[in-house]
Protein chains: 2
Amino acid sequence: MKLITKQTDYAVRALGYLSGRGDTFISSGEIARAENIPASFLRRIMQVLIKAGIVAAREGKNGGVRLAVNPATVRMIQLIELFQGKIELSDCMVRKDICPNRRTCALRTKIQQAERRLFQDIGKTRLSELI
Amino acid sequence: MKLITKQTDYAVRALGYLSGRGDTFISSGEIARAENIPASFLRRIMQVLIKAGIVAAREGKNGGVRLAVNPATVRMIQLIELFQGKIELSDCMVRKDICPNRRTCALRTKIQQAERRLFQDIGKTRLSELI
DNA sequence: TTAAACTAATACTAAAATGGTGTCAGAATG
DNA sequence: CATTCTGACACCATTTTAGTATTAGTTTAA
Ligand code: FES
Ligand code: FES
């Protein structure tokens with residue numbers, strides 16, 4: 001069971017790389033080489049980050065990407081949800097119609113507690129704290 | 001992103017069912033029917049629980065399964081690891097040889113913190129607390 | 001003005017994890 | 001000895017994750 005997938009991992013590394021580079025545009029290719037990430041895979045990841053407004057892109061020669069926001073405002077939970085979707089419990093807690101004993105489920109309560117903690121720990125961690 | 005898969009979920013429900021039934025052996029089929037779980041799937045799940053020593057089985061007619069331990073001694077973390085494997089971070093933290101910036105990785109620290117909490121919240125939760 | 005170096009967008013394949021089914025053998029019981 | 005169970009697996013389906021490729025369009029610099 002993995003808490004963090006490759007995509008999220010790569011995204012963090014790429015953002016870390018960018019954060020050391022100020023306002024210049026860096027090509028995805030360079031990042032991929034430097035961080036040992038498959039190039040086309042990283043491009044797709046960058047596009048997600050771009051659409052999310054976390055990095056800005058510039059097309060054409062000498063183009064590339066750069067941070068669009070202060071690393072201190074980017075939280076891990078944002079990245080995790082971006083690439084892994086919202087943190088859910090198990091299906092029975094989502095699809096209310098299926099589960100018979102949903103109302104009285106103690107596990108649900110417990111897990112929601114854990115979820116809240118997850119948000120506090122990794123979730124609220126800022127990108128700037130990681131680099 | 002799911003923290004708990006169907007298998008773990010089903011296992012918890014089945015154990016919950018058993019815990020209300022004392023020392024009698026209950027057939028997997030009955031549990032499956034009662035809890036709305038695909039029968040053959042549950043059988044496979046039970047075999048895991050049996051091998052783990054959490055339930056005991058009795059073969060033959062009028063056979064079935066029953067709890068082999070006190071529900072208070074079964075922890076969620078045990079079930080999760082049984083069906084979803086050990087909680088890992090991302091690969092880079094496991095395969096030491098691959099990741100370049102492993103030593104200084106702040107994310108690793110953060111996530112280990114979160115992991116510890118996860119253990120505390122869902123992990124240490126006892127089966128007996130859920131039923 | 002055109003080749004090179006980029007991003008945009010998206011379709012595609014591969015591999016792994018999860019969910020679920022089926023079968024055949026053997027044990028207990030009535 | 002038929003029935004009702006578990007044991008032990010092999011098998012298939014679905015979903016998620018990982019990774020590749022392709023075609024189009026933008027910018028720059030020689
Ligand atoms: S909500 Fe479905 S078992 Fe708890
Ligand atoms: S250990 Fe690999 S990026 Fe942190």
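Treat the numbers as computed from the prediction; the structure is a model and nothing was measured.
Side-chain nitrogen and oxygen atoms of B:Thr5 include at least one within less than 4.0 Å of the OP1 or OP2 phosphate oxygen of C:dG19. Of the side-chain N and O atoms in A:Tyr10, one or more sit less than 4.0 angstrom from OP1 or OP2 of D:dG19. Residue B:Ser27 places no side-chain N or O under 4.0 Å from the OP1 or OP2 atom of D:dT6.
Distance from the side chain of B:Lys6 is smallest for C:dG20 among the nucleotides C:dG20, D:dT17, C:dT7. Of the candidates C:dC6, D:dT6, D:dT4, the closest approach to any side-chain atom of B:Lys61 belongs to D:dT4.
Distance, B:Arg33 CZ to D:dC5 C1': 12 Å, rounded to whole Å. The distance between atom CD1 of A:Ile31 and atom C1' of C:dC6, rounded to the nearest whole Å, is 13 Å. In this structure, B:Ile26 atom CD1 and D:dC5 atom C1' are separated by 13 Å, rounded to whole Å. In this structure, CZ of B:Phe41 is placed 18 Å from P of D:dA10, rounded to the nearest angstrom. Going from atom CG of B:Asn36 over to atom P of C:dG19 covers 16 Å, rounded to whole Å. Counting to the nearest Å, the P atom of C:dG19 and the CG atom of B:Leu42 are 14 Å from each other.
Residue B:Ser28 comes nearest to B:Leu42 through the heavy atom pair O-CD2, 3.6 Å, listed as atom of the first residue, atom of the second, then distance.
B:Phe83 comes within 4.0 angstrom of nothing in the nucleic acid, heavy atoms only. Residue contacts shown for B:Gln84 are absent, as no nucleic acid heavy atom lies under 4.0 Å away.
Heavy-atom distances under 4.0 Å link DNA chain D to A:Arg44, A:Arg58 of residues 43-58 of chain A, given in residue order.
Each of B:Gly29 and A:Ser40 was matched to the nucleotide of DNA chain D holding its nearest heavy atom; the match closer to the 5' end belongs to B:Gly29. Taking for each of A:Glu59 and A:Gln7 the nucleotide of DNA chain D with the nearest heavy atom, the 5'-most of the two is the partner of A:Gln7.
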Going by atom type alone, with no hydrogens or angles, which donor-acceptor pairs under 3.5 Å involve a side-chain atom of residues 50-74 of chain A and a protein atom two or more places apart or on another chain?
from, atom 1, to, atom 2, distance (Å)
A:Arg66, NH1, A:Asp23, O, 2.9
A:Asn70, OD1, A:Ala72, N, 2.7
A:Thr73, OG1, A:Asn70, O, 2.8

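Considering only residues two or more places apart in sequence or on other chains, B:Arg44 meets the side chain to side chain donor-acceptor pair (under 3.5 Å) condition with none of them. B:Phe83 meets the ring pair (Phe, Tyr, Trp, His ring centres under 6.0 Å) test with no other residue; sequence neighbours excluded. Taking A:Gln47 as the reference, A:Arg43 meet the side chain to side chain contact (heavy atoms under 4.5 Å, CB included) condition, with sequence neighbours excluded.
Listed by first and then second residue, the ring pair (Phe, Tyr, Trp, His ring centres under 6.0 Å) pairs involving residues 35-69 of chain B are B:Tyr10-B:Phe41 (not counting sequence neighbours).
Salt bridge status for B:Arg75 with B:Glu81: absent, with no side-chain N to carboxylate O gap under 4.0 Å.
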